[in-house]
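As structure tokens, the structure follows; a few thoughts come after it.
In this chain, residues are counted from 1 in sequence order.
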Amino acid sequence: FEMELRRWKNHFLPVPPATRPGSPAEAIKQCDPTMFPNVAVLLKIACTIPVTSCECERSASALRRLRASMGKGRLSNLALLHIHYDAEIDLNKVVDCYARLHPRRLELD
């Protein structure tokens with residue numbers, strides 16, 4: 001494990017300090033789990049542990065507000081969007097799909 005941490009540190013030595021990851025969420029995007037399996041696990045744990053207890057309470061109260069104001073399906077879809085925030089989305093395909101599902105009587109150019 002110590003060798004892996006040393007390799008992880010050496011991985012960022014040539015990188016200017018301003019462009020190094022500033023949080024576990026940024027670092028996990030740059031971590032190759034095949035080269036740094038233990039570091040990847042540690043970063044995943046660090047990303048899931050709240051920094052303070054008020055973060056948990058804030059998240060829970062936000063979730064309660066969302067549940068009260070929208071349906072289960074929409075809330076589930078928003079959760080999926082948040083979980084897969086790094087996925088590339090082709091907006092043209094989204095618009096075409098929406099247009100097929102909700103056709104208009106008046107054609108717009």
Problem - In one Ile/Leu/Val/Met/Phe/Trp/Tyr side-chain cluster, 4.5 Å: M35, F1 - result: yes

Are [X] and [Y] packed together at the side-chain level, in the sense that at least one heavy-atom pair is separated by less than 4.5 angstrom?
X	Y	value
W8	L43	yes
F12	T19	no
P37	V41	no
H11	F36	yes

Can you tell me how far apart [atom1] ([X]) and [atom2] ([Y]) are? Round to the nearest 0.5 Å.
X	Y	atom1	atom2	answer
L91	I89	CG	CD1	7.0 Å
C97	D90	SG	CG	11.5 Å
N10	M3	CG	CE	9.0 Å

Practice task
Considering non-hydrogen atoms only, spot the tightest contact between E26 and R20 and give its length.
Solution key: OE1-O, 4.3 Å

Problem - Closest non-hydrogen atom pair, K44 against I28 - result: CG-CD1, 3.4 Å

Exercise for the section: Can you establish whether the number of heavy atoms outside R74 located under 6.0 Å from its atom CZ is more than 12? Expected result: no

Handout entry: Heavy-atom donor-acceptor pair, Q30 side chain to P21 backbone, under 3.5 Å
Key = no

